[in-house]
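Every chain is numbered from 1 and lettered A, B, ... according to where its sequence line falls, protein lines coming before strand lines.
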2 protein chains.
Amino acid sequence: MRPTIRDVASKAGVSIATVSRALRDPQIVSKETQSKVALAAQELDYVPNHLGRQLAERRHAANGIVFPDLSGPYFAEVVLGYEAVAAELGRSVLLLSTRGRESAAAMVHDLAARTDGLVVLGRTVPDDALHSLVRRGVPLVLLARTPLAEIDSLNAENRQTARALAAHLTAAGAGAITFVGDPDLSPDIAERLEGLEAGAGGATVTVTRTPELDEGSGQRAGDAVVASGRLPDAFACANDELALGLMTTLRAGGVRVPDDVLVSGWDDVMAARYAGLTTVRQPMRDLGATAARMLDELIRGQRTEPRHEVLATELIIRTSTTSTTGTTSTT
Amino acid sequence: MRPTIRDVASKAGVSIATVSRALRDPQIVSKETQSKVALAAQELDYVPNHLGRQLAERRHAANGIVFPDLSGPYFAEVVLGYEAVAAELGRSVLLLSTRGRESAAAMVHDLAARTDGLVVLGRTVPDDALHSLVRRGVPLVLLARTPLAEIDSLNAENRQTARALAAHLTAAGAGAITFVGDPDLSPDIAERLEGLEAGAGGATVTVTRTPELDEGSGQRAGDAVVASGRLPDAFACANDELALGLMTTLRAGGVRVPDDVLVSGWDDVMAARYAGLTTVRQPMRDLGATAARMLDELIRGQRTEPRHEVLATELIIRTSTTSTTGTTSTT
DNA sequence: TTGAAAGCGCTAACAA
DNA sequence: TTGTTAGCGCTTTCAA
């Protein structure tokens with residue numbers, strides 16, 4: 001059995017209250033007591049039990065982060081930025097992916113019950129579940145999700161940069177742009193489409209909906225395009241993975257990118273750099289880090305008014321020659 | 001204040017023990033009691049406090065995962081695989097990155113104190129800290145780390161596939177191979193180098209050490225090569241990010257890859273596909289998932305003998321024409 | 001400066 | 001089937 005505060009107390013010949021004091025604030029006990037306790041704790045290899053401590057303190061010193069089905073580089077980066085700041089603030093991070101789980105709302109409630117607050121990404125949790133969390137007094141920050149007036153939100157700028165992207169595409173001669181991705185999937189995507197339309201000027205914008213935001217969906221979209229034999233001047237995709245899948249399939253189908261058609265993504269994941277993909281860079285780590293800070297303010301009760309933040313994004317224009325890739329696999 | 005079990009009990013007109021029973025196993029109370037309790041809980045919007053529950057049960061229903069400075073796609077994938085299985089097993093996941101923190105050992109001990117068991121990746125934690133965890137009875141699985149006889153370990157196969165890689169490179173005419181990466185950084189890397197040497201046949205293998213495993217280190221290695229003007233026949237890099245950074249810099253310096261020199265990586269991250277990089281695929285998700293299962297066995301006490309697992313890896317040969325990429329950025 | 005004692009919210013004997 | 005009660009390991013009044 002692990003030693004408890006009682007073991008340390010009896011070994012040091014003091015009360016458990018004194019052990020507690022000596023360990024959490026050595027100043028407030030006598031020097032002698034302090035060293036007796038320290039020695040006893042050392043010898044017993046004593047580590048305070050967090051559950052007991054937290055139960056008494058009525059706090060968890062832990063934050064949760066909830067992210068959706070979509071895995072991929074974007075979420076990984078956000079989580080890393082979040083963890084870094086949380087650790088700095090002395091908080092552990094509890095991870096929850098709602099990927100393909102029906103019981104998302106229940107799981108999130110459960111997570112809330114073991115943390116001091118939650119960051120919720122994207123469309124992982126229905127609005128009513130969020131409101132019920134708020135009613136329960138759970139500090140909450142929404143990340144990349146439609147802001148709700150009374151709940152903190154953090155987003156990356158979409159519309160403005162999407163306009164810039166549209167301007168870039170039309171300047172490159174695109175008179176017909178196809179947006180790939182479903183604006184109903186997330187507010188981020190809807191905003192990107194809106195910005196694109198707003199910035200397209202005389203160019204036409206049509207929408208090809210995809211069920212997911214992954215490479216596979218991009219590939220299937222590409223298959224359809226190749227089969228139809230009809231190309232727009234540019235594809236503006238809702239994210240990089242979609243764009244990369246699309247581009248690959250187009251090239252495999254004999255379409256030259258960017259000579260025959262332009263393709264752009266969104267996020268600027270690592271693969272986008274190596275694929276020479278024009279895209280929009282989101283400050284992914286910074287999103288995670290900022291969310292952690294906002295949540296901390298809420299948890300400490302330093303703020304009661306909701307904050308709504310938008311971080312800047314950046315258009316990244318890349319030009320690459322067509323590259324052909326072959327793959328062989330051997331175990 | 002959040003309602004407690006006592007609030008529910010008094011509202012339902014039963015004892016707290018009955019509430020506890022009704023909520024955790026509805027079968028064992030009378031139908032009538034069950035519905036009274038359910039109703040009261042519902043009306044109060046009662047959610048059991050995990051701390052109280054866990055303190056009484058003496059378990060956390062949470063696992064930790066510790067990963068090193070190296071972020072990047074590899075770790076993200078492992079974590080996702082881990083979380084998926086942990087959630088399936090009814091456990092939450094606590095995340096800890098030791099990235100650039102001196103107090104790693106202390107943080108890991110702290111994490112251990114709030115979880116039922118830990119998966120430790122790579123060289124994040126010194127051996128003595130691991131042994132002290134074992135002494136404390138913390139269930140432990142080492143992932144991508146030198147196995148210690150008495151502790152569970154899980155690794156991806158290195159030597160054999162590295163031999164296959166060497167065979168591929170020499171078959172392609174490489175008589176001089178430079179290994180890029182520091183075998184002292186991790187046992188994985190050391191094994192890759194050993195396998196490469198073992199499979200190189202008559203080819204010579206030299207080693208260029210890099211301080212990190214990231215793109216920046218690869219670029220700096222590339223700069224040095226370009227400056228020296230001397231090329232081996234092939235660069236076998238310790239991981240993909242290194243290889244991608246190196247390849248980019250070589251190409252920028254006028255070296256044609258793969259015409260002038262072959263470059264290979266390790267991991268098969270997404271960017272490797274788009275860069276046309278020859279590499280070795282690791283089952284990253286599966287590593288995370290398997291680690292979670294092994295840890296669960298330990299936590300449940302289903303097994304006392306340590307298990308040492310090695311998952312298969314796969315050589316992925318890609319051929320790509322040189323592609324030139326230009327980047328412009330606009331905010 | 002220290003100790004005694006009352007909880008924090010819950011589970012699990014044990015009794016009824 | 002239900003209630004009583006004694007903890008789980010810790011913090012924190014309140015007294016001494």
Report summary line: For residues 31-40 of chain A, the side-chain hydrogen bond (donor to acceptor under 3.5 Å, both in side chains) pairs (sequence neighbours left out) are A:Ser30-A:Thr33

Query raised in the report: Is it true that a side-chain atom of A:Thr290 and a backbone atom of A:Leu287 form a donor plus acceptor pair closer than 3.5 Å?
Result: no

Query raised in the report: Hey, which of these two, B:Ser15 or A:Ile5, hits DNA chain D nearer its 5' end, going by closest nucleotide?
Result: B:Ser15

**Report entry** Value in whole Å for how far the C1' atom of D:dT1 lies from CG of B:Asp25
**Finding:** 13 Å

Report summary line: Within residues 29-40 of chain B, those residues having any heavy atom closer than 4.0 Å to DNA chain C are none

Requested in this report: Please state how far atom NE2 in A:His60 lies from atom C1' in D:dC10, giving the value in whole angstrom units.
Outcome: 15 Å

For residues 22-29 of chain A, dump all side-chain donor-acceptor pairs below 3.5 Å to protein atoms at least two apart in sequence or in another chain.
from: A:Arg24; atom 1: NH2; to: A:Glu57; atom 2: OE2; distance (Å): 2.9
from: A:Asp25; atom 1: OD1; to: A:Gln27; atom 2: N; distance (Å): 3.4

Report task. May I ask you to verify whether the side chain of A:Arg6 and the base of D:dG9 hold a donor-acceptor pair under 3.5 Å? Result -> yes

Look for any protein N or O under 3.5 Å of an N or O in nucleotides 12-16 of chain C and output each such pair with its distance, or none.
from: C:dA13; atom 1: N6; to: B:Arg21; atom 2: NH2; distance (Å): 3.2

Report summary line: From the candidates C:dT2, D:dG9, C:dC8, the one with an atom nearest any side-chain atom of A:Thr18 is C:dT2

Report summary line: Contact check, residues 45-53 of chain A vs DNA chain D, heavy-atom distance under 4.0 Å, returns A:Tyr46, A:Pro48, A:Asn49, A:Gly52, A:Arg53

Report summary line: Rounded to whole Å, the CZ-P distance (A:Arg59 to D:dT12) equals 10 Å

Requested in this report: Could I get the full list of salt bridge (Lys or Arg N to Asp or Glu O under 4.0 Å) partners for B:Asp267, not counting sequence neighbours?
Outcome: none

Report summary line: Here the salt bridge (charged side-chain N to carboxylate O under 4.0 Å, His left out) pairs for residues 4-18 of chain A, sequence neighbours left out, are A:Lys11-A:Glu43

Query - Rounded distance in Å - CD (A:Gln27) to C1' (C:dT2) - result: 17 Å

Query raised in the report: Does some side-chain heavy atom of A:Leu213 sit less than 4.5 Å from a side-chain heavy atom of A:Ile189?
Result: yes

Report task. For A:Asp128, enumerate each residue passing the salt bridge (Lys or Arg N to Asp or Glu O under 4.0 Å) test, keeping only those at least two apart in sequence or located in another chain. Result -> none

Query raised in the report: Could you give the CG-to-C1' distance, from B:Leu55 to D:dG7, as a whole number of Å?
Result: 9 Å

Report task. Answer yes or no: is there an ion pair linking A:Glu88 with A:Arg293, defined by an N-O contact shorter than 4.0 Å? Result -> yes

**Report entry** Distance below 4.0 Å between A:Thr4 side-chain N/O and D:dG9 OP1 or OP2
**Finding:** no

Query raised in the report: Quick one: side chain to side chain contact (heavy atoms under 4.5 Å, CB included) partners of A:Ala17, sequence neighbours excluded?
Result: A:Ser15, A:Arg21

Query raised in the report: Can you check whether B:Ala61's main-chain N or O pairs, donor with acceptor, with B:Asp116's side chain at less than 3.5 Å?
Result: yes

Query raised in the report: Do A:His60 side-chain atoms and A:Arg114 backbone N/O form a donor-acceptor pair below 3.5 Å?
Result: yes

Report task. Find the bend of the helix from C:dT1-D:dA16 to C:dA16-D:dT1 as the angle between its two terminal axes (five pairs each), to the nearest 10°. Result -> 40°

Query - Value in whole Å for how far the C1' atom of D:dG9 lies from CG of A:Asp7 - result: 11 Å

Query raised in the report: If you look only at pairs with a residue in residues 295-305 of chain A, which of them pass as a salt bridge (charged side-chain N to carboxylate O under 4.0 Å, His left out), with sequence neighbours excluded?
Result: A:Arg91-A:Asp296, A:Asp152-A:Arg303, A:Asp296-A:Arg300, A:Glu297-A:Arg303, A:Glu297-A:Arg307

Query raised in the report: Do we see a donor-acceptor contact under 3.5 Å between the side chains of A:His308 and A:Asn155?
Result: no

Requested in this report: Could you pull out all residues at least two apart from A:Asp127 that satisfy salt bridge (Lys or Arg N to Asp or Glu O under 4.0 Å)?
Outcome: A:Arg145

